[in-house]
> 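Here it is: the structure, laid out below.
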Amino acid sequence: MSIEKPDLEYDYSWEENENESWLWIAEVTEPGLPEPHCYSYVFSVRGQEAIDLIEVFNSLSGVEAQEYAKKLVYG
């Protein structure tokens, strides 16, 4: 039996100075709390690694991006 993975939230910033670029992925673990307190961060990268992943996210639809985020986090 497969256990359904929760939907994930993600955010990123692609900066001119690539070292300042970032991407994070999180589970919403406390939905009653305001951002960012509602999140449990499960994945985070900076710099060129973030840019590479941001390029992938930008090419995906909402459902595809959600599946990609789950693949990054859960394997």
Side-chain angles (χ1 to χ4, degrees):
M1 182 167 99
S2 176
I3 296 174
E4 182 71 23
K5 303 286 191 232
D7 281 349
L8 300 169
E9 299 288 327
Y10 58 90
D11 197 9
Y12 55 81
S13 179
W14 187 335
E15 302 296 329
E16 189 171 318
N17 177 349
E18 73 179 36
N19 292 328
E20 296 176 5
S21 298
W22 52 265
L23 174 131
W24 59 254
I25 302 172
E27 291 180 358
V28 177
T29 54
E30 298 291 338
L33 296 177
E35 291 183 8
H37 308 289
C38 61
Y39 297 125
S40 175
Y41 296 97
V42 292
F43 184 87
S44 176
V45 291
R46 299 187 74 77
Q48 185 60 50
E49 188 176 3
I51 291 171
D52 293 343
L53 294 175
I54 291 166
E55 287 177 330
V56 174
F57 273 101
N58 282 338
S59 71
L60 301 173
S61 71
V63 171
E64 292 170 326
Q66 185 61 225
E67 290 304 312
Y68 186 66
K70 288 179 181 180
K71 181 179 176 186
L72 289 171
V73 171
Y74 304 119

> Rounded at 0.5 Å granularity, tell me how far CD in E15 sits from CZ in R46.
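If we round to the nearest 0.5 Å, E15:CD and R46:CZ are 9.5 Å apart.
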> Between Q48 and D52, what is the shortest heavy-atom contact and its length?
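Taking Q48 first and D52 second, the nearest heavy atoms are NE2-OD1, 2.7 Å.
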> Rounded to the nearest 0.5 Å, what separates atom CD1 in I54 from atom OH in Y12?
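One gets 7.0 Å once the value is rounded to the nearest 0.5 Å.
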> Walk me through whether Q66 and L8 qualify under side-chain contact (heavy atoms from CB on, under 4.5 Å).
CA-CA 7 Å; Q66 185 61 225; L8 300 169; 3.6 Å; yes
> To the nearest 0.5 Å, what is the distance between CD on E64 and OG on S59?
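The CD atom of E64 sits 7.5 Å away from the OG atom of S59.
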> Quick check for you: to the nearest 0.5 Å, what is the distance between I25 atom CD1 and S44 atom OG?
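That separation rounds to 9.0 Å.
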> Anything under 30° is parallel, anything over 60° is perpendicular, the rest tilted; go ahead and classify Y41 against W24.
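The arrangement is perpendicular - the two ring planes meet at more than 60°.
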> Group every Ile, Leu, Val, Met, Phe, Trp and Tyr by side-chain heavy-atom contacts under 4.5 Å, then state whether V56 and W22 land in the same group.
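Each belongs to a different hydrophobic cluster.
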> Say you draw a straight line from CD of E49 to CG of L53; how long is it, rounded to the nearest 0.5 Å?
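Answer rounded to 0.5 Å: 6.0 Å.
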> Testing the basics here: between A50 and L23, what is the closest heavy-atom pair and its distance to 0.1 Å?
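A50 and L23 have their closest heavy atoms at CB-N, 4.0 Å.
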> Do you know the tightest heavy-atom contact between V28 and Y39?
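The answer is CG2-CE2, 3.8 Å.
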> In chain order, what residues pass the ring-ring contact (aromatic ring centres under 6.0 Å, His included) check against F57, with sequence neighbours excluded?
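Listed in chain order: Y10, Y68.
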> Which pair of heavy atoms, one from E30 and one from H37, lies closest together, and at what distance?
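Looks like CB-O, 4.2 Å.
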> Find the distance between NZ (K70) and CD (E27) and round it off to the nearest 0.5 Å.
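CD of E27 is found 10.0 Å from NZ of K70.
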